[in-house]
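Naming: A, B, ... by sequence-line order, numbering from 1 per chain.
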Amino acid sequence: MSAPLPPHLLGLNPEQELAVTTLDGPVLVLAGAGSGKTRVLTRRIAHLLYNGVPAENILAVTFTRKAAQEMKHRVTELVGPAAEQVWVSTFHATCCRILRTDIEALGFTRRFAIYDDDDQLRILREVLRENPESELTPSKVLARIDFWKNRGYDPDRVVAEHREPKHGGLIAAWRAYERGLRAADAVDFNDLIGHVVKMFQEHPAVLERWRERFQYVMVDEYQDTNGLQYKLLRLLAEPRRNLAVVGDDDQSIYAFRGADVTNILNFERDFPNARVIRMERNYRSTANVLAVANAVVRVNEKRIDKQLRTDAAPGKPVNLRVLPTEEDEAKWVADAIGVFQRRDRIPYGSMAIVYRTNATARLFEQALGRARVPYRVAGGKRLHERREVRDVLAWIRLAILPVDDAAFLRIVNVPPRGIGPSTLAALRDAGQAAGQPLLATARSYATRAGPSAAALKGFLTLVESIADVARTGTPAELVNAGLVRTGYRDMLERLAQEEEGARRGLRAPRSESRERLLHLGQLLSDAAVFRAPDAGSAIERTQAWLDQFGLAESEEVVPEGGAVTLLTVHNAKGLEYPVVFSVQLNEGQFPHARALEDADGLSEERRLAYVAFTRAMSRLVITRSATRASNEFAPAKQDDPDKPPGRAPDRTASAPSPFLFGLPLDAVEGDLPGMTPTTGAPGLAPLTVGSKVSHPKHGAGVVKKPRDPRGVIVLFKGRPRAVAREDLTLVPERR
DNA sequence: TCTCGATCCATTTTT
DNA sequence: TGGATCGAGA
């Protein structure tokens, strides 16, 4: 006789139930796409609570805020308000909260600023100004620093491990960058996690407190953890080993930011006696969709062998389409969406267009606009990435944290007040000599007579006045001050009127400045609705608002009646749609040309394709274009209504994506010849470093550099040669 | 010394 | 497309 099951255990399959109820000790859940991963995590939290684990001892970490919100929401549905006390948040937000409590142990103040890439570049530009001849560019250095920090390295470690002089300049720049951050009392994105790790390692008492707090740790999308996050989890979970991770190595698509699939592959080694639970039953897609998705990812070498199964019907075949140009492709998709909506009564909100790169969005936006199909672009430019928003926030930041040099540099002359490069250079030199932040330097400068003294004085008065508001005001009042007192709003207002005057009569949607004012309005309302966590000073409340705002992702406004969603594959992860259009399946687009440059790149692109395809529940449509514009960066060609829609002059043929080779033919339909060439050599097969190729004249060789101005660099008998890509045939790898 | 317009350039994926 | 940089004019 068994007691009735509590509601959170109802309706689970045996694997899911095991994953939910195995509470103690390390657990690895290998959860294929659509196998009920979120369900397992939320039920598991419910089960912990049900078993008397206090809510505040539970930590669930995700990668995106959307995932965190979704999880919290679903736990609340299961257990009610008790869910409030459970920490469900992203890695970055979790670490941010930890640092706001304890960062003083590392010599920062609790008011520390969080630098986004814009601020990071500002620091690096300062750093690199020292020797302008250097070949280092700020963005290259930043990419490299990011790369290392993601893996948990510091400059000393890189020097020790590489001991190659070629990194000399880079390392020096990195060290200077770190000094810059510290001087500005700022941390970058990676530091949020890195500093917590460092603090835990150096201050056992602090670590002990947080271990006591988080007795049960859960991690979503474990395959996407990087070296730093891995360290963090180990530190937190080590003594009790109550660590449950959920993931799918086939969906590891964040290698570029340090995600390390070996974390999931080695889990059993790292946590001996781990319970491994495989969830291979897919509840999302039709059998045909799964067959196609499986075919794409199956050929990857480094993967845990598995096969997603479903009891669902085969469903409609996966539809493959080739269109003459990218524009035709976009138009065809837009039309198909219209047909689905009218003929099959599929709501717009149930359809999504998934692409590899953000730049693709515009093309499809235009086509959808012409076809009058409502759409929304997910993960487009986020509010806090917009220049005007960052500007206003910089005023606030500087008012709160006077040492924040990046904020200072950002707004010292915005709106323009006559503080130009030469004044700045003087400030910089004086500041550096005195070891003082820029704002303080400006203060001593303004008292002296000089050409820009008056302008500086005006600026300083402004900062003071905003700082006054910061001491007592709400975030909204502060935003308002940053908007009004600084003259920022007036500046935009004036510009908007000019722009609108200039384009009177034209059928222009909205002037750019008007658009910016709108964004600032959104900023203001975000601040206005912000609910500060608990008491605390006005400044602490503002800080909390800044934190959540800075770590937030795009606010999505869904038009009434639903809208087609446009998103990148990365953004699509974790989501599902009844109808999915996976577009631009051309070599060089998807897989992206840049990804072919390193050996593992192609595997990751395959996983991306797998993610894209498995978003589809009942219908998957895959499209590509037979030609592409040769110059992708040329301005878009204007459609001239008088001329027939002639082909743009410079187009080149494009090869189908290699992911389309070897699809199961009984699961697909459509333009098979253009999509899955079954005869002859597979066109221009993708070349990656290490690909084996053969050449009519030089014979067998190994690719050294697939993309080079001179052609493809291939090693023939150990000698590098540049050869034309067309002459190469790919020697198939053993399967 | 600053501002603004013209020109050139690179261009994946994101917390 | 947007950003960074450079030169002309204020």
Rounded to whole angstrom units, what separation is found between the [atom1] atom of [X] and the [atom2] atom of [N]?
| X | N | atom1 | atom2 | value |
| --- | --- | --- | --- | --- |
| Leu602(A) | dT13(B) | CG | C1' | 15 Å |
| Gln223(A) | dT13(B) | CD | P | 20 Å |
| Glu385(A) | dT1(C) | CD | P | 19 Å |
| Asp146(A) | dT12(B) | CG | P | 15 Å |
| His570(A) | dT14(B) | NE2 | C1' | 8 Å |
| Gln251(A) | dT13(B) | CD | C1' | 15 Å |
| Ile114(A) | dT14(B) | CD1 | P | 20 Å |
| Gln229(A) | dT14(B) | CD | C1' | 12 Å |

Given [options], identify the nucleotide with an atom nearest to the side chain of [X].
| X | options | result |
| --- | --- | --- |
| Asn413(A) | dT3(B), dT14(B), dT1(B) | dT3(B) |
| Arg125(A) | dT14(B), dT1(B), dA4(C) | dA4(C) |
| Asn571(A) | dT1(C), dT14(B), dC2(B) | dT14(B) |
| Arg356(A) | dT14(B), dT3(B), dT12(B) | dT12(B) |
| Pro416(A) | dT14(B), dT3(B), dT12(B) | dT3(B) |
| His592(A) | dT1(B), dT12(B), dT3(B) | dT12(B) |

Quiz prompt | Derivation of the ring-ring contact (aromatic ring centres under 6.0 Å, His included) call for Phe200(A) and His195(A) | solution = CA-CA 8 Å; Phe200(A) 282 176; His195(A) 283 345; over 10 Å; no
Quiz item: Closer to the 5' end of DNA chain B via nearest nucleotide, is it Thr62(A) or Ile419(A)?
Solution: Ile419(A)
Self-check item: 5' priority, DNA chain B, between Phe189(A) and Glu605(A) [closest heavy atom]
Solution: Glu605(A)
Quiz item: Hey, is Phe256(A) stacking on dT12(B)? Ring centres under 5.5 Å, planes under 30°.
Solution: no
Quiz item: Does a donor on one side chain and an acceptor on the other come within less than 3.5 Å for Asp188(A) and Tyr177(A)?
Solution: yes
Practice problem: Determine whether the aromatic ring centres of Phe408(A) and Phe459(A) lie less than 6.0 Å apart. | Solution: yes
Exercise. Determine whether the aromatic ring centres of Phe91(A) and Phe63(A) lie less than 6.0 Å apart.
Key: yes
Exercise. Go through the steps to decide whether Trp148(A) and Asp154(A) satisfy the test side chain to side chain donor-acceptor pair (under 3.5 Å), and finish with yes or no.
Key: CA-CA 7 Å; Trp148(A) 279 321; Asp154(A) 58 26; over 6 Å; no
With a cut-off of less than 4.0 Å, is there a side-chain N or O of [X] near OP1 or OP2 of [N]?
| X | N | value |
| --- | --- | --- |
| Thr423(A) | dC2(B) | yes |
| Ser422(A) | dC2(B) | yes |
| Asn358(A) | dT1(C) | no |

Quiz item: Just checking Ile253(A): base, sugar-phosphate only, or nothing, at a heavy-atom cut-off of under 4.0 Å?
Solution: nothing
Practice problem: Looking at every strand, decide which applies to Phe91(A) at a 4.0 Å heavy-atom threshold: base, sugar-phosphate, or nothing. | Solution: nothing
Quiz prompt | Over-ring placement of Arg144(A) relative to Phe147(A), 6.0 Å and 45° cut-offs | solution = yes
